[in-house]
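For reference, the structure discussed in these notes is given below.
Hydrogens, waters and symmetry mates play no part in the numbers below; they use all other heavy atoms, side chains included.
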Amino acid sequence: MRFAVLQFGGSNCDKDALHVLRDVCGVDTDLIWYRDGLKRDYDGIVIPGGFSYGDYLRAGAIATRTPVMADVVRHADKGGLVLGICNGAQISAESSLVPGVFTINEYPKFICREVFLRVENADSPFTSAYSEGEVIRLPIAHKEGRYVASPDDIAALKAEKRVAFCFCDEDGEVTPESNPNGTTDNITGILGKGGNVLAMMPHPERASEDVLGSSDGKKIFDSMISYIESL
Amino acid sequence: MIFDVKIIISLKSGMLDPEACAIQHALSNLGFETEYLTNSKLYNVGIKAEDAESAKARAEEMCGRLLANPVIQSYSVEVTE
């Protein structure tokens, strides 16, 4: 089993994702500079957080048009796992790996804090280690994390159980007050059409060890690893 | 011939524009009341083409492939020589 963590100019959570995969989960993982492309097949690809290309144009827009992302789309089309975290989620949406777009927060400032999330679908390759309805705690750190999609796309996401995570309160209630950025229906984790891509604004790699205050995020990596082992 | 092409990227109507709201609020703090305020991006692009029509088509292709995200944005293209 081998993972890849992409690295664009302006990525800044690449080393964190690498650390969690290599040192915490014990999985062979390569850090891939975007210009080098994917030179081999990978079981899972992580598009990490950061501010690729300074968020110029739109967050994730420029990274999306690099050749390595064509490799990632081909990997996803074959059913390979792709996890897009924060800027990686924005890139995943810009690349149409998931529908919609992550745009500027309703109150247009950078938010950096812990939030509660409800696991909406525990059957995906990214969430099988959770139980449905489980409330987890992860940090967010973004200015452009408000998910917007057409009403048809939102309806399809819900009907096809492709909403992975919603912002909620401590008790698991999905309320307007627990929505930090004005995202549509509190949605902040979206699965791609085949269920093999997860785009999420919260940072599981920053909450994968108890010493960091929460290890709730590690189950995403554990789920991916179990899924790959089951193939 | 090189055509001067103005590409304007705007949010589709009905889309929330938090930056525009913040700017409008700041104007209000200075005593400038405004009925509406929108926020667009303007790109001036020089495009070498045979005629204005093909320059416009090229600019529209740029919008479709990079400059605008069709989920939330619309674009307009104006060509001058």
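When each of Gly182(A), Ala61(A), Gly100(A) is scored by its heavy-atom pairs under 4.5 Å with chain B, the top score falls to Gly100(A). In terms of heavy-atom pairs under 4.5 angstrom with chain A, the leader among Asp17(B), Ile72(B), Leu66(B) is Leu66(B).
Without hydrogens or angle criteria, Arg206(A) side chain to Ile140(A) main chain gives no donor-acceptor distance under 3.5 Å.
The contact between Thr103(A) and chain B is made entirely by side chain atoms (from C-beta outward), counting heavy-atom distances below 4.5 Å. For a residue to count as touching a neighbouring chain, one of its non-hydrogen atoms must lie under 4.5 Å from one of that chain's; by this rule Asp153(A) does not touch chain B. Heavy atoms closer than 4.5 Å to chain A are found in both the backbone and the side chain of Leu67(B). Using a 4.5 Å cut-off between heavy atoms, Ala93(A) does not touch chain B at all. Only the backbone of Ala68(B) has a heavy atom closer than 4.5 Å to any heavy atom of chain A.
In this structure, Phe8(A) and Tyr53(A) have perpendicular ring planes: the angle between them is above 60°, well past the 30° mark.
At least one side-chain heavy atom of Leu81(A) sits under 4.5 Å from a side-chain heavy atom of Phe126(A). Asn39(B) has its side chain out of reach of Leu11(B): every pair of non-hydrogen atoms, C-beta onward, lies at least 4.5 Å apart.
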- Message: Run the side chain to side chain contact (heavy atoms under 4.5 Å, CB included) test on Phe102(A) and Ile190(A) for me, step by step, so that the C-alpha distance in whole Å, both residues' side-chain angles and the decisive distance to 0.1 Å come before the verdict.
- Response: CA-CA 11 Å; Phe102(A) 293 92; Ile190(A) 299 118; 3.5 Å; yes

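Note that Arg118(A) lies outside the cation-pi zone of Phe116(A), set by a 6.0 Å cut-off to the ring centre and a 45° limit from the axis.
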